[in-house]
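All values derive from a computational prediction rather than experimental measurement.
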Amino acid sequence: EGRPAPKLAPSARSLERAKRKYESLNMAALQLVAPGGILVSCSCSAAVSQEAGLLVKMVSEAAARVGRTVAVLKVSGAAADHPLNPMYPEGAYLTVAFFAVS
C-alpha cells in the first residue's frame with residue numbers, strides 16, 4: 001500500500017503553483033500524443049474545477065507552448081454515481097477534458 005499522490009491544488013491559495021504543475025504535466029503529455037491523437041486531462045482539485053474553464057485554458061496554453069493545437073471534444077464532471085449537493089459547490093471538484101491534438 002503506497003501513499004496517495006499529493007494534491008496539486010489543495011486550496012485556492014495554492015492555485016498559481018498548481019497551474020504551473022498542470023501546465024508542465026500537460027506539456028509533457030502533449031509532446032507524446034501523435035498528431036490526430038486524443039489527450040485526456042483531469043483534475044480532482046476543487047480550486048481548479050470551480051474556476052470555469054480553467055482546465056481547458058491550462059491545456060490550451062500548454063499546447064501553444066509546445067507548438068501544438070488542441071480542440072475541445074468534451075468537458076465533463078463527476079459521473080452519476082458521484083452525486084453533487086447544490087448547497088455544497090466545493091463538491092464539484094472532478095473535471096475531465098478530452099482534446100483532439102494536432
Side-chain angles (χ1 to χ4, degrees):
E1 293 179 38
R3 293 176 20 183
K7 294 180 180 181
L8 292 181
S11 69
R13 236 184 14 226
S14 61
L15 187 56
E16 288 306 314
R17 179 178 57 91
K19 285 181 185 178
R20 290 189 298 273
K21 290 181 179 181
Y22 275 105
E23 186 173 318
S24 176
L25 286 168
N26 282 291
M27 285 171 54
L30 284 157
Q31 291 174 329
L32 298 173
V33 177
I38 294 177
L39 172 74
V40 179
S41 188
C42 304
S43 171
C44 63
S45 301
V48 171
S49 296
Q50 290 176 356
E51 188 171 321
L54 183 56
L55 182 61
V56 169
K57 181 179 178 187
M58 288 188 296
V59 172
S60 297
E61 290 172 357
R65 290 189 64 182
V66 296
R68 305 296 293 273
T69 57
V70 293
V72 178
L73 299 173
K74 182 175 182 171
V75 178
S76 186
D81 66 345
H82 194 299
L84 301 175
N85 180 337
M87 299 303 292
Y88 181 66
E90 295 84 2
Y93 60 89
L94 300 174
T95 303
V96 59
F98 297 82
F99 301 88
V101 180
S102 55

Table please: side-chain donor-acceptor pairs of residues 28-35 below 3.5 Å, with sequence neighbours left out.
none

Going by atom type alone, with no hydrogens or angles, which donor-acceptor pairs under 3.5 Å involve a side-chain atom of residues 54-67 and a protein atom two or more places apart or on another chain?
unit_1	atom_1	unit_2	atom_2	d
Ser60	OG	Val56	O	2.9
Arg65	NE	Glu23	OE2	3.4
Arg65	NH1	Glu23	OE2	2.5

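The shortest heavy-atom contact between Leu84 and Gly91 is CD2-O, 3.3 Å.
Partners of Asp81 by side-chain contact (heavy atoms from CB on, under 4.5 Å), not counting sequence neighbours, listed by chain and number: Ala79. Scored by the side-chain contact (heavy atoms from CB on, under 4.5 Å) test, Leu25 finds Leu8 as partners (sequence neighbours excluded). Under the side chain to side chain donor-acceptor pair (under 3.5 Å) criterion, Ser76 pairs with no residue at all, not counting sequence neighbours. Residues passing the side chain to side chain donor-acceptor pair (under 3.5 Å) test with Ser24, sequence neighbours excluded: none.
Residue Phe98 shares its hydrophobic cluster (ILVMFWY side chains chained together at separations under 4.5 Å) with Ile38, Val40, Leu73, Val96.
Residue pairs satisfying the ring pair (Phe, Tyr, Trp, His ring centres under 6.0 Å) criterion with at least one member in residues 65-84, sequence neighbours excluded, are listed as follows: His82-Tyr93.
In this structure, Ser45 OG and Lys21 NZ are separated by 10.0 Å, a value rounded to the nearest 0.5 Å. The CG atom of Asn26 sits 12.5 Å away from the CZ atom of Arg68 when rounded to the nearest 0.5 Å.
Inspection of the Ser41 and Tyr22 side chains reveals no N or O donor paired with an N or O acceptor under 3.5 Å. A donor and an acceptor atom, one from each side chain of Thr69 and Ser102, are located under 3.5 Å apart.
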